[in-house]
Enquirer: 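Sharing a structure below in structure tokens format, with a few things to ask.
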Amino acid sequence: QVQLGESGGGLVQAGGSLRLSCAASGRTFSSYAMGWFRQAPGKEREFVAAIGWSGYNTYYADSVKGRFTISRDNAKNTVYLQMNSLKAEDTAVYYCAARPGYRGPQVEGYNYWGQGTQVTVSS
């Protein structure tokens, strides 16, 4: 079992930046593939970015490619999402997720989810 806690959300103007963090409990964080998802009002949750257990491989949704960067620090049990050039359409609740098993970046199949952090981009 792993518990995830997101932080770093807030209100930012279009074109600005935010860095989200997701801290994980447990001693096996380094074996998890980690992902970020988001859900905007009235929409389904969608994939944003993922990183494999080693941190070497990443994968992004087309909508954020070139603007967002996912990274991880296994010594701190934390995964990050650096978000630059933010747009109004990036407004959503952002969730981190974990999938055990020494996997590369995953688009789906996550077992554990955080509670989410709100990101609001004003235009």
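For clarity, every value in this text was computed on a predicted model and none was experimentally measured. Position 1 is the first residue of the sequence, and the numbers go up from there. When reading the values below, keep in mind they use all heavy atoms of this one structure, side chains included, and skip hydrogens, waters and symmetry mates.
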Enquirer: Can you check whether Ser85's main-chain N or O pairs, donor with acceptor, with Arg67's side chain at less than 3.5 Å?
Expert: yes
Enquirer: Rounded to the nearest 0.5 Å, how far apart are OG of Ser123 and CG of Leu86?
Expert: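 Here the interatomic distance stands at 12.5 Å.
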Enquirer: With sequence neighbours left out, write down each residue that passes side chain to side chain contact (heavy atoms under 4.5 Å, CB included) with Thr69, or none if nothing qualifies.
Expert: Tyr60, Gln82
Enquirer: Would you say the side-chain atoms of Glu6 pair up with the backbone N or O of Thr117, donor to acceptor, closer than 3.5 Å?
Expert: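 Checked: no pair found.
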Enquirer: Any side-chain heavy-atom pair from Arg45 and Trp113 closer than 4.5 angstrom?
Expert: yes
Enquirer: I'd like to check the side chain to side chain contact (heavy atoms under 4.5 Å, CB included) partners of Val119; sequence neighbours left out, ordered by chain and number.
Expert: Leu18, Leu20, Met83, Tyr94, Val121
Enquirer: Count the heavy atoms of every other residue, nucleotide or ligand shown that sit under 6.0 Å from CD of Glu89, and state whether that count exceeds 12.
Expert: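 More than 12 within 6.0 Å, yes.
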Enquirer: Might you point out which heavy atoms bring Ser31 and Thr28 nearest each other, and give the distance in Å?
Expert: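 Closest approach of Ser31 to Thr28, heavy atoms only: OG-O, 2.7 Å.
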Enquirer: Can any side-chain N or O of Gln106 pair as donor or acceptor with the backbone N or O of Gly104 at less than 3.5 Å?
Expert: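 Side chain of Gln106 to backbone of Gly104, a donor-acceptor pair under 3.5 Å: yes, one is there.
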Enquirer: Charged N to carboxylate O under 4.0 angstrom, Lys65 versus Asp62?
Expert: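 Judged by the 4.0 Å cut-off on N to carboxylate O distance, Lys65 and Asp62 do form a salt bridge.
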Enquirer: Determine yes or no for a side-chain-to-main-chain donor-acceptor pair under 3.5 angstrom, with Ser25 supplying the side chain and Gln3 the backbone.
Expert: yes
Enquirer: Once you measure the plane-to-plane angle for Tyr32 and Tyr112, does it fall in the parallel (<30°), tilted (30-60°) or perpendicular (>60°) bin?
Expert: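 Taking Tyr112 first and then Tyr32, their aromatic rings sit tilted (interplane angle of 30° to 60°).
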Enquirer: Once rounded to the nearest 0.5 Å, what's the spacing between atom OG of Ser63 and atom CG of Asp90?
Expert: 7.5 Å
Enquirer: If only side-chain N and O atoms count, and only distance matters, is there a donor-acceptor pair under 3.5 Å linking Thr78 with Asp73?
Expert: no
Enquirer: Short question: side chain of Arg72, backbone of Gly52 - any donor-acceptor pair under 3.5 Å?
Expert: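 Answer holds: yes.
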Enquirer: Is there a side-chain contact between Gln118 and Thr91, using heavy atoms and a 4.5 Å cut-off?
Expert: yes
Enquirer: By the definition side-chain contact (heavy atoms from CB on, under 4.5 Å), identify the one residue from Val79, Val64, Val48 that meets it with Ile70.
Expert: Val79
Enquirer: Share the residues that join Tyr80 in a hydrophobic cluster, the rule being Ile, Leu, Val, Met, Phe, Trp or Tyr side chains under 4.5 Å apart at the heavy-atom level.
Expert: none
Enquirer: So among Tyr110, Phe68, Tyr95, Phe37, which one has a ring pair (Phe, Tyr, Trp, His ring centres under 6.0 Å) with Phe47?
Expert: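 Filter result, single survivor: Phe37.
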Enquirer: A quick test of your reading: do over 12 heavy atoms of other residues, nucleotides or ligands sit less than 6.0 Å from CD of Gln115?
Expert: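 12 or below, so no.
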Enquirer: Same hydrophobic cluster for Val12 and Trp36, using side-chain heavy-atom links shorter than 4.5 Å among ILVMFWY?
Expert: yes
Enquirer: Under the 3.5 angstrom rule, does the side chain of Asn77 hit a backbone N or O of Gly26 as a donor-acceptor pair?
Expert: yes
Enquirer: On a heavy-atom basis, which atom in Ala98 and which in Val2 lie closest, and how many Å separate them?
Expert: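 Closest heavy-atom pair between Ala98 and Val2: CB-CG1, 4.3 Å.
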Enquirer: Does the side chain of Ser7 reach to within under 4.5 Å of the side chain of Arg19, using non-hydrogen atoms?
Expert: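 Result no, sub-4.5 Å side-chain heavy-atom pair not found.
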Enquirer: Nearest 0.5 Å, what's the CE-CD1 distance between Met34 and Ile51?
Expert: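 One finds 9.5 Å between CE of Met34 and CD1 of Ile51.
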